[in-house]
Chemist: 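The structure is given below, and queries will be raised subsequently.
None of the values given here were measured: they were computed from a predicted structure. Just so we're on the same page: letters track the sequence lines, and every chain starts at 1.
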Number of protein chains: 2
Amino acid sequence: MVKISDVSARAGVSPGAVSRVLSGDPTLRVSEETRERVLSAARDLSYVPNHAARALRTSRSSNLALIVPDVTSAVFAELARGAEEQAGMRDLTIVLARAEQLDTDSSWLRRVVGEGRIDGVILQVPDSAPESSIEALVDRDVPVVLINSMSGGPVSSLVLDDAAGIRVAVDHLHSLGHHSIGFVGGSSRSATGRRRLRGFIDAIDALGMETRDEWMTDVGYSGAEGRQAVTELLSRSTLPTGLVVANLNAALGVLAEIHARDLRVPGDISIVALHDVWYADATWPPMTTVKMPLRELGSEAVSLLLDQKADSPPEHRVIRAPAPELVVRSSTSVPTKRVTG
Amino acid sequence: MVKISDVSARAGVSPGAVSRVLSGDPTLRVSEETRERVLSAARDLSYVPNHAARALRTSRSSNLALIVPDVTSAVFAELARGAEEQAGMRDLTIVLARAEQLDTDSSWLRRVVGEGRIDGVILQVPDSAPESSIEALVDRDVPVVLINSMSGGPVSSLVLDDAAGIRVAVDHLHSLGHHSIGFVGGSSRSATGRRRLRGFIDAIDALGMETRDEWMTDVGYSGAEGRQAVTELLSRSTLPTGLVVANLNAALGVLAEIHARDLRVPGDISIVALHDVWYADATWPPMTTVKMPLRELGSEAVSLLLDQKADSPPEHRVIRAPAPELVVRSSTSVPTKRVTG
DNA sequence: ATCCTACATTAAATCGATTTACCACGTCAA
DNA sequence: TTGACGTGGTAAATCGATTTAATGTAGGAT
């Protein structure tokens, strides 16, 4: 491996000078000619600074940890891509970890952070997780950005504008002529779930429609829970003609259970799901969705982490751009008949 | 941050001694009593060795790069989990990257490797990728393990026993009474695709059934390509009663297109897909699959990477354990009628 | 001739752990 | 007494880049 002293030797200057030229130190005064010599020497030898040495000296590892509950989720994939892009631009690297490790082996994070391997943490706690597990991270000596979890509190956070997304979904159904619209959101035990429910109710109100408890469920985001949601809805008196599902994983389950009951989408019920991911048009029927700025969420998380000075107060941002966008496929249509459960 | 000299001071020994005690250097001779003092000093101060310093000295970063074509794929998720687990056990960290970056910015890998940030690479090239892009990595100065791509060649590789998985699928359909079985595999332009096709033909042969070209397609793994596969099958004379789909993403598309044609699964056609991932039972109907040892593939990749000495010849392993396992759901049944396209 | 800037660069300390080579001390045999 | 050996460590170099404080030199002003 070619090192800085090789470059400096070739350019006929000191290693210090090379370092300063290469990093563009503004306090350094060099003749244009020397600068050129250094630059071309570095190029000729294709010099790449050793990361460990730099990290040791500067005590920054240029590694960020991305901790998510579930790598499987398509939501994660988009998020990761955004984070990665932004990280790439800033010469950072993303280290992958499951939130699971936080529980089973909470020492993991402590250790990696203690070792100085991680400069910052992007954390998406499972909705199900007790908020106390977050607290455990607060006094840690790395900046943390919480994603899609609580807003407020001592840790910086970033959330999507779920309410806006849900509004788009509701508007769509309304404009098709639906007047009874149901909601399959996350559990109201989680902050996210409550935020979404609130968004739904507001959207319905704004259009002068009514919400009915029997049209709403209080389950999680998995496929199985989506199925369960439909079972619950059907066990009640009437079914709404339209359904907003706050998560595409759950929407798969919803779809499966609806089919299992021999109902038709969108014939018997129209469905709009939040988050536009690849398999939205591989379902049957292809699903109408609301595309949320997940990628931007990821990249913004990286930015926030880095722009955050050590002692600055936590920031809480809402990602609003680009605005949630309706992607019409085949799971929605004008309402036809109403089904009784 | 507490450093090694703090520990050594507290224990009344030299830093060198602490290092050697902590790393269990067998050539060090210490009295049991001194060892205890060192250990407890480290514990009391909750000493964690600085990673950068260690990396600088030992020139190993303890970082592995996991490069995949698509973080979205459920296959990736399982793989990543396996890799992560194994990495965790060995005190390594997994760095995430998209294979995309290899094309758009092939300097990325060069740079990170040059910086010494990466000790090894687990690489899953897209089936579509030219094999030349692999070559570009061969002479790099890090060990590389290729996943699910070519076998043989100068780079170590790891593949699943696809043939065995397909055999399980074919056996299942055969034992249900199917005699006309079709295949939606990967493109025959990729080594993986060819391997799978071979496995399929062998499995059919072994059971004394016949394969027909009109029952086989030659498309990729995406949902869209799965739809296209069905369109092609239907454009031909007869449809088989059973279908083996070599990938669950494609299977979603297959399912969607079948529904779109108003055919019934498993009434008109039974489907078995390779890879058992979470949404297999969130589809309609829930899909019968063959569970492949993806997790083991991931963990084995890490092991192979590390066990590989610098100058040892490349190894090519096939992951056979645990054996492919049939997961019966609702997309398969005894054959009823045969549909003409 | 002397002092003062401004300029262009360098020397050397530093980050923290690892590792090789060496040392001091005691004991035991010849 | 000497030398060989075992015991229980230590000193110091090293990994490679960064950064602070210092240094030599030329030119201009007094």
Chemist: How far apart are the C-alpha atoms of A:Arg54 and A:Asn50, what are their side-chain angles, what is the distance that settles it, and do they pass the side-chain contact (heavy atoms from CB on, under 4.5 Å) test?
Modeler: CA-CA 6 Å; A:Arg54 170 180 284 171; A:Asn50 180 288; over 6 Å; no
Chemist: Can you see whether B:Arg317 engages B:Ser156 through a side-chain donor-acceptor pair at a distance of less than 3.5 angstrom?
Modeler: no
Chemist: Is a side-chain donor or acceptor of B:His51 paired with a backbone partner of A:Val113 at a separation under 3.5 angstrom?
Modeler: no
Chemist: Pick from A:Ile122, A:Val95, A:Leu109: which one makes a side-chain contact (heavy atoms from CB on, under 4.5 Å) with A:Ile67?
Modeler: A:Leu109
Chemist: Taking any atom under 4.0 angstrom from a heavy atom of chain B, which nucleotides of DNA chain D are the first and last to qualify, 5' to 3'?
Modeler: D:dT7 to D:dG16
Chemist: Does a salt bridge link A:Arg35 with A:Glu32, judged by any charged N lying under 4.0 Å from a carboxylate O?
Modeler: yes
Chemist: Check every strand shown and say whether B:Arg54 touches a base, only sugar-phosphate, or nothing at a heavy-atom separation below 4.0 Å.
Modeler: sugar-phosphate
Chemist: Checking the side chain of A:Asn148 only, and the main-chain atoms of A:Leu160 only, is there a donor and an acceptor separated by less than 3.5 Å?
Modeler: yes
Chemist: Which comes earlier along DNA chain D counting from the 5' end, the contact point of A:Leu56 or that of A:Ser23, where each point is its nearest nucleotide?
Modeler: A:Leu56
Chemist: Are any of the side-chain nitrogens in B:Glu115 or B:Arg111 under 4.0 Å away from the carboxylate oxygens of its partner?
Modeler: yes
Chemist: Using a 4.0 Å cut-off on heavy atoms, which residues in residues 10-20 of chain A reach DNA chain C? List them by number, or say none.
Modeler: A:Gly12, A:Val13, A:Ser14, A:Ala17, A:Arg20
Chemist: Salt bridge check: are A:Glu33 and A:Arg37 linked by an N-O gap of less than 4.0 Å?
Modeler: yes
Chemist: Decide if atom CZ of B:Arg90 counts as having more than 12 heavy atoms of other residues, nucleotides or ligands within a radius under 6.0 Å.
Modeler: yes
Chemist: Measure from CG on B:Leu28 to P on C:dC22 and round the result to the nearest Å.
Modeler: 18 Å
Chemist: Using heavy atoms and a sub-4.0 Å distance, could you list which residues of residues 32-51 of chain B are near DNA chain D? By number, please.
Modeler: B:Thr34
Chemist: Using the closest heavy atom to pick a nucleotide of DNA chain C for each, name whichever of B:Arg29 or B:Arg57 lands nearer the 5' end.
Modeler: B:Arg57
Chemist: Backbone N or O of A:Ile118 within a donor-acceptor pair of the A:Asn63 side chain at under 3.5 Å?
Modeler: no
